[in-house]
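Whatever order the structure lists ligands and atoms in, that order sets their numbers, starting from 1.
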Amino acid sequence: MSDVLGVPASWVIVGNGSDDMLNVLVRACAEGSDRPIVYPMPTYVLYRTLAEIQPANPLEISYGETFELPLDDLVAAQAAITFIASPNSPSGHVVPIEQLRELASRVPGILAIDEAYVDFAENSALPLVQEFENVIVLRTLSKGYSLAGLRMGFGVANPQLLAGLFKVKDSYNIDAIAIQVGTAAMRDQAYKNECAAKVKGDRAQLMIDLKQLGFEMCPSHGNFLLATVPASSPAESLYLGLKERGILVRYFNQLGLADKLRITVGTPEQNQILLEAVMSLLQP
Ligand SMILES: Cc1ncc(COP(=O)(O)O)c(C=O)c1O
């Protein structure tokens, strides 16, 4: 795994999915800390859940209208951990590496860059782990490798930072089968890249097709699109209508997302079925 990443083995910690790594990170860094855990919203819901379970104080700061990073406010939070998902879910946008670099240099605690969807993006922030002692990059085999059921994720950071996480993680958090299968999958970068390229091509086509039906969306760097529904057809009823037809998309009844659906890119055939179902559900 470290060969593929181009870092020494001592710079990698492996987890039972990246959720396990997020959990270990929160337990290791927020324990006894009166500093909050901060992240820009909307983002992956587990950051809040983990902070609440700890318990730690989750501090949520909104992204700008077109997902500009609230950099100064994140720094002002003086957090124990700053979480940035890049590419972000559900928006699919990436935070430019220069902004992550600035954040790393200004936050007092850990900057955790969650790259769960990086295989569908063009760039990674992985070089920052070499530049900053407080940066950890998290990855998973659930998305780009289509191995969500295998449960394998990992963190990359300098060994001093990882030492604190090794103290907290379960000794045997990865089983022998996941190690074998996960290692084989990571060795075959050509296959993973071929699959990710197909998703990216289908994502571009789906975006064109949804736009033709009146949806609006920004480019996504994940394996999904966050689509604003046409004004005449509320997002919740579209979501329910699709669900009745056996098509599952995400509807988030929360600030800034109530008029949007997160639609995972399927195969061309699945995307066609989705588009036909959407056409039949759209109000005139
Ligand atoms: C941003 C983000 N990070 C991490 C994960 C967790 O992935 P896993 O635990 O399957 O590795 C997800 C899963 O949906 C995610 O969306």
Side-chain angles (χ1 to χ4, degrees), residues 1 4-5 12-27 29 37-53 58 60-61 63 67 69 74 81-95 100 110-121 123-126 135-157 165 168-170 173-175 177-179 181-183 185-186 192 195-196 199 203 220-226 248-252 254 257 260-266:
M1 181 180 283
V4 173
L5 298 166
V12 180
I13 184 169
V14 183
N16 190 256
S18 55
D19 280 356
D20 181 33
M21 288 293 89
L22 291 166
N23 185 17
V24 165
L25 198 57
V26 169
R27 281 166 54 213
C29 303
I37 290 178
V38 74
Y39 41 87
M41 285 288 283
T43 193
Y44 186 37
V45 288
L46 195 75
Y47 307 147
R48 179 197 298 164
T49 307
L50 291 174
E52 285 174 350
I53 292 170
E60 306 189 332
I61 298 177
Y63 269 111
F67 291 100
L69 188 74
L74 291 169
I81 310 172
T82 305
F83 281 119
I84 304 285
S86 182
N88 187 44
S89 174
S91 60
H93 79 283
V94 290
V95 177
L100 292 172
I110 302 289
L111 173 62
I113 305 172
D114 183 345
E115 290 198 333
Y117 296 97
V118 74
D119 300 305
F120 308 107
N123 297 304
S124 158
L126 194 60
V135 172
I136 181 164
V137 168
L138 303 170
R139 298 264 186 99
T140 178
L141 275 70
S142 291
K143 319 290 182 191
Y145 295 82
S146 307
L147 290 172
L150 186 73
R151 307 310 303 142
M152 191 181 238
F154 56 93
V156 186
L165 306 187
V168 173
K169 87 165 182 68
D170 287 349
N173 61 337
I174 294 291
D175 64 74
I177 298 172
I179 292 171
V181 177
T183 308
M186 283 199 68
K192 186 265 290 178
C195 296
V199 173
R203 180 180 69 195
S220 168
H221 302 269
N223 58 346
F224 50 79
L225 292 166
L226 185 66
L248 299 179
V249 298
R250 286 294 298 269
Y251 167 66
F252 303 87
Q254 71 184 63
L257 296 177
K260 297 178 175 47
L261 294 176
R262 198 193 82 165
I263 302 172
T264 299
V265 179

Classify the side-chain pair Tyr39/Asn88 by whether it contains a donor and acceptor separated by less than 3.5 Å.
-> no

Phe120 and Phe224: CA distance, side-chain angles, deciding distance, ring pair (Phe, Tyr, Trp, His ring centres under 6.0 Å) verdict | CA-CA 10 Å; Phe120 308 107; Phe224 50 79; 8.4 Å; no

Neighbouring protein residues of ligand 1 - any heavy atom closer than 4.0 Å = Gly17, Ser18, Asp19, Tyr44, Asp114, Ala116, Tyr117, Thr140, Ser142, Lys143, Arg151

With Arg262 as reference, evaluate Leu226, Leu257, Leu225 under the side-chain contact (heavy atoms from CB on, under 4.5 Å) test and give the passing residue.
-> Leu226

Can you name the residues that form a ring pair (Phe, Tyr, Trp, His ring centres under 6.0 Å) with Phe83, not counting sequence neighbours?
-> Tyr47

Non-neighbouring partners of Asn123 that pass side-chain hydrogen bond (donor to acceptor under 3.5 Å, both in side chains), sequence neighbours left out = none

Keeping to residues at least two apart or across chains, list the salt bridge (charged side-chain N to carboxylate O under 4.0 Å, His left out) pairs with something in residues 138-150.
-> Glu115-Arg139

